[in-house]
Amino acid sequence: MVKAAMQLVNLKKTIGKKPIIKGLDFEIRAGEVFGFLGPNGAGKTTTIRMMVGLIDITEGDVLIEGKSIKTDFKGAIQHVGAIVENPEMYPFLSGWKNLKQYARMVKGVTDQRIKEVVGLVGLDKAIHEKAGRYSLGMRQRLGIAQALLHSPSILILDEPTNGLDPSGIREIRKYIRNLAEKENVAVIVSSHLLTEIELMCDRIGVIKNGELIAIEEVKGTENEELLKEVHLEVEPLETAKAFLETQLANEVGVDGKELSISVKREEIPHILKGLVEQGISIYSVRVMQATLEDKFFDLIGENTIE
Ligand SMILES: Nc1ncnc2c1ncn2[C@@H]1O[C@H](COP(=O)(O)OP(=O)(O)OP(=O)(O)O)[C@@H](O)[C@H]1O
Ligand SMILES: [Mg+2]
């Protein structure tokens, strides 16, 4: 079992009489990048505000490194770095001075540590320029640097790519992956756009109307051996099916005039060669590529871009 950096335990929030968050139960693993995906109004920000103690929890709890944010706020929050609203900074001070200013409020942050976090978010070159001159993406990264100063084990970013252009989004993605790997920080990134987060996340949890409706591992790193669904239009069908059954460990499906098999990509040529050698005619080969987008589309619906 991978250790949990954070656990949500039957977490609920009611505002007035309206249930906003309806019992969330999941955990964030140490060192993973976790995407918190949901359409506008799904309850991402409300959940995050409870995670960091900005609003009261109606029922349930959030445990950070095993410490309850409700009953041991100090013990829990010391492990967290977060940007919930726009990162606050002094525009007339340099990035470096902003970090120094912030470091004064946190125990034990050395200049060495400041240099380290600046490097982690790739601001080395611009760090002595005034923060007011930073682009939105750079401001976002300075905010991340600030949130990292006290070496938290979990970093929470509410829609960090909001308002960024594609290159800004790419940068943020790169630095988030980088720091998950280099600092072993668990990162929670919320977003209403799957395409923005799927490339940087290890897992994605989908929230809608205050409920978690799916939680998925994101596959597809280069060395991952994913099974692909391959559809083959072949003749004669029965002979082909019988042959494939001798070759493959898993089932051979029949769909009209087509057979469907699940194989690794590198097995495809071998399978086709075998069929040809058996005197079977191949009319078409289709490799189905189900993306996460297809998978989540039904879940979150169409209106996620606003
Ligand atoms: N203080 C409040 N009073 C009443 N309703 C609220 C309050 N805060 C949030 N809500 C409602 O709770 C729901 C969830 O809001 P929340 O801001 O958490 O969603 P979100 O997933 O962060 O959305 P977005 O993608 O737009 O940021 C919404 O229906 C919102 O109107
Ligand atoms: Mg929000």
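In each ligand, atom 1 is the first atom listed, and ligand 1 is the first ligand listed.
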Ranked by distance from atom 2 (C) of ligand 1, the top protein heavy atom is I15 CD1, 3.5 Å
Margin query: Do R139 and M89 have side chains that approach each other closer than 4.5 Å (heavy atoms only, starting at C-beta)?
Written below: yes
protein heavy-atom neighbour closest to atom 28 (C) of ligand 1 works out as G41 O, 3.6 Å
Do you see an N/O/S atom of T45, backbone or side chain, under 2.8 Å from the Mg ion (ligand 2)? yes
In this structure, atom 20 (P) of ligand 1 is nearest to the protein heavy atom K44 N, 3.5 Å
Point to revise | Residues R203 and E198 bridged, charged N to O under 4.0 Å | key: no
Looking only at protein heavy atoms, what sits closest to atom 26 (O) of ligand 1 is N40 ND2, 3.0 Å
I'd like to check V254 versus K241 (side-chain heavy atoms, cut-off strictly below 4.5 Å). Are they in contact? yes
shortest atom 17 (O) of ligand 1-to-protein heavy-atom contact is with T45 CB, 3.8 Å
heavy-atom search around atom 31 (O) of ligand 1 in the protein gives K18 NZ, 4.5 Å
Atom 19 (O) of ligand 1 sits nearest the protein heavy atom G43 N, 3.2 Å
Numbered in order shown, the ligand 1 atoms found under 4.0 Å of a heavy atom of E159 are 25 (O), 27 (O)
Atom 18 (O) of ligand 1: closest protein heavy atom, distance to 0.1 Å, is T46 OG1, 2.5 Å
**Report entry** G38 N/O to ligand 1 N/O under 3.5 Å
**Finding:** no
For A131 and L142, the nearest pair of non-hydrogen atoms, with its separation, is CB-CD2, 4.1 Å
- Using a 4.5 Å cut-off on heavy atoms from C-beta on, say whether the side chain of Y102 contacts that of L149. yes
